[in-house]
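One structure is given below, encoded as C-alpha cells.
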Amino acid sequence: MYAGGGDSVVARGLAGIQVAAIEGRAGWLVRNALLDKLSATPQDTARYRLDVRLDDRLDAFGLLRDDTVGRERRTLRARYQLVDLDSGTILLDATAGSDAGIDVIASDYATIAAEQTALENLARDVASRIVTDVALQLRKGAAAGS
C-alpha cells in the first residue's frame with residue numbers, strides 16, 4: 001500500500017487531508033489521533049477533507065444481586081466522509097467503530113479513570129480504522145487513475 005515510501009501516492013494523499021473539527025471530548029481525542037496518523041510531513045495545501053461524526057455511548061449492564069451495576073460497555077462509532085476539495089465529490093462514506101468492557105468497582109475514581117482510559121484507547125482504534133480505510137480508498141483511486 002505504501003510502495004514508494006513517503007513519496008507514494010497514498011502517503012502524499014494522506015498528508016494532503018485536513019481533518020474537520022469533531023465535537024466533544026471523544027472528537028478531540030479522535031481528531032488528534034487522526035492527525036498523528038495521517039501526516040508525518042503535512043502539505044501546505046489540503047486536497048481532501050475528512051468529516052467525522054461520532055456516537056460515544058456508555059451502557060451499564062451486568063446487574064449484581066444488590067441492583068448495582070457490575071459492568072459497563074463503552075462504544076465509540078464514527079461515520080466519516082472523505083471529500084475531494086477541488087470537486088466537492090465524496091470519495092468515501094463509511095463507518096468505523098470499537099467497544100470496550102469496563103468493570104465497575106467500589107471506587108468511583110477508579111471506575112471513572114477506567115471509563116476515560118477506555119475512551120482514549122477506543123479513539124486511537126477508531127482513528128486507525130479510518131486511516132486504513134482512507135489509505136485503501138486512495139490506493140484504489142490511484143490504481144483506477146493510472
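Nearest heavy-atom pair, Ser128 versus Lys37, reported as atom, atom and distance to 0.1 Å: OG-CE, 2.9 Å. Among all heavy-atom pairs drawn from Val69 and Phe61, the shortest one is CG1-O, 3.6 Å. Closest approach of Val10 and Leu138 over heavy atoms only: O-CD1, 4.1 Å. Minimum heavy-atom separation, Val126 to Leu76: CG2-O, 3.8 Å.
A donor-acceptor pair is defined here as one N or O able to donate and one able to accept, closer than 3.5 Å; such a pair exists between the side chain of Arg74 and the backbone of Glu115. For Ser87 (side chain) and Thr89 (main-chain N/O), a donor-acceptor pair under 3.5 Å exists by modelled atom type.
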If you look only at distance, which donor and acceptor atoms sit under 3.5 Å apart when one is on a side chain in residues 98-109 and the other is two or more places apart or in another chain?
from   : atom 1 : to     : atom 2 : distance (Å)
Ser98  : OG     : Asp125 : OD2    : 2.7
Asp103 : OD1    : Arg71  : NH1    : 2.6
Ser107 : OG     : Ala110 : N      : 3.2

Show the atom names and distances, to 0.1 Å, of all donor-acceptor pairs under 3.5 Å that link a side chain in residues 16-29 to residues at least two apart or in another chain.
from  : atom 1 : to     : atom 2 : distance (Å)
Arg25 : NE     : Gln116 : OE1    : 2.8
Arg25 : NH2    : Gln116 : OE1    : 3.3
Arg25 : NH2    : Glu120 : OE2    : 3.4

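Side-chain contacts under 4.5 Å among hydrophobic residues (ILVMFWY), followed directly or transitively, place Ile90 together with Val83.
The pair Arg53-Asp51 fails the salt-bridge criterion, with no side-chain N (NZ, NE, NH1 or NH2) lying under 4.0 Å from an Asp/Glu carboxylate O.
A donor-acceptor contact under 3.5 angstrom links the side chains of Tyr80 and Asp133, judged on distance only. Side chains of Gln81 and Asp93: a donor on one and an acceptor on the other come within 3.5 Å.
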Apply the test side-chain contact (heavy atoms from CB on, under 4.5 Å) to residues Ile130 and Leu34: give CA-CA distance (whole Å), side-chain angles for both, the deciding distance (0.1 Å), then the verdict. CA-CA 8 Å; Ile130 291 172; Leu34 285 168; 3.9 Å; yes
Quick one: do Glu72 and Thr111 satisfy side-chain contact (heavy atoms from CB on, under 4.5 Å)? Show the steps, please. CA-CA 10 Å; Glu72 294 176 333; Thr111 300; 4.3 Å; yes
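Separating the CG atom in Leu38 from the CG atom in Leu50 is a distance of 7.0 Å, to the nearest 0.5 Å. Rounded to the nearest 0.5 angstrom, Leu54 CG and Arg79 CZ are separated by 13.0 Å. Here the OG1-CD1 distance, from Thr117 to Ile112, works out to 11.5 Å after rounding to the nearest 0.5 Å. Rounding to the nearest 0.5 angstrom, the gap separating the CG atom in Asp56 from the CG atom in Leu122 is 8.0 Å.
The closest side-chain heavy-atom distance from Asp84 to Arg47 is below 4.5 Å.
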